[in-house]
Amino acid sequence: SRRNLKRQPPPESGASRERLVAISFAPPAQTTLRPDKRFNITATVVTVASDTAVIVISALIALFMRNRLPLFADSNEDYYGLVVPLIALFAAMWQAALWLAGAYRWRSRGSGTAEYRLVFNASLATAAAVGVGSYLTHYPLSRGFFVLFFVSGAVLLLIGRHLLRRLEHHLHRKGFG
């Protein structure tokens, strides 16, 4: 609410100091979100959607490049049958790690190296969880897919966050948010 401060003379009872009286004007009832709050919600939704798209793209890159690179060629004929069912699980784990690390908080978004550190640490934690989980369950996850998925995913997530940060700063300069 807006406040208007007026000085009033001391009362006639002999008080020696002036006192401030606050007269408040009640703002009209707000039925919509403030523009900055709406901008933060929209930016968070766009960030989550962008991260999801990047994770899916990195999974597709890893899925198809694993057989194309001679470094990762092995004799597992059922490669797609072992990896494809887990892509959704890995993507959900990565999104959860980003959320838990605080990469979607509006205070960390657009903050530069702090935001990049959160994204990188969440990516590292997801890779560690998938690697340890595969080892403990004796799941034959392709090492080539694992390396390509998490390396390309982390790099693409950082590039995507950088581009989103530049877009957000551009919108701030134009008066949005």
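- Under the side-chain contact (heavy atoms from CB on, under 4.5 Å) criterion, His170 pairs with Arg173, Lys174, sequence neighbours left out.
- Using bins of under 30°, 30° to 60° and over 60° for the plane-to-plane angle, the ring pair Phe145/Phe149 lands in the parallel bin.
- A chain of hydrophobic side-chain contacts below 4.5 Å, direct or via other Ile, Leu, Val, Met, Phe, Trp or Tyr residues, connects Phe150 to Trp99.
- Remark: Arg105 engages Ser108 in a side-chain contact (heavy atoms from CB on, under 4.5 Å) (not counting sequence neighbours).
- A search for side-chain hydrogen bond (donor to acceptor under 3.5 Å, both in side chains) contacts involving Thr44 returns Arg109, not counting sequence neighbours.
- Here Leu89 pairs with Leu86, Met93 under the side-chain contact (heavy atoms from CB on, under 4.5 Å) rule; sequence neighbours left out.
- Through direct or indirect side-chain contacts shorter than 4.5 Å among Ile, Leu, Val, Met, Phe, Trp and Tyr, Leu118 is connected to no other residue.
- Within 6.0 Å of the OH atom in Tyr104, the count of heavy atoms belonging to other residues, nucleotides or ligands exceeds 12.
- Paired with Ile61 under the rule side-chain contact (heavy atoms from CB on, under 4.5 Å), one option of Val56, Leu148, Leu156 passes, and it is Leu156.
- Of the possible polar contacts, none joining the Tyr116 side chain to the Ile159 backbone as a donor-acceptor pair under 3.5 Å is found.
- Leu141 and Ser134 make their closest contact through CD2-OG, 3.5 Å (heavy atoms, listed as atom of the first residue, atom of the second, distance).
- Note on residues 147-163: pairs passing salt bridge (charged side-chain N to carboxylate O under 4.0 Å, His left out), not counting sequence neighbours, are Asp51-Arg161, Glu115-Arg161.
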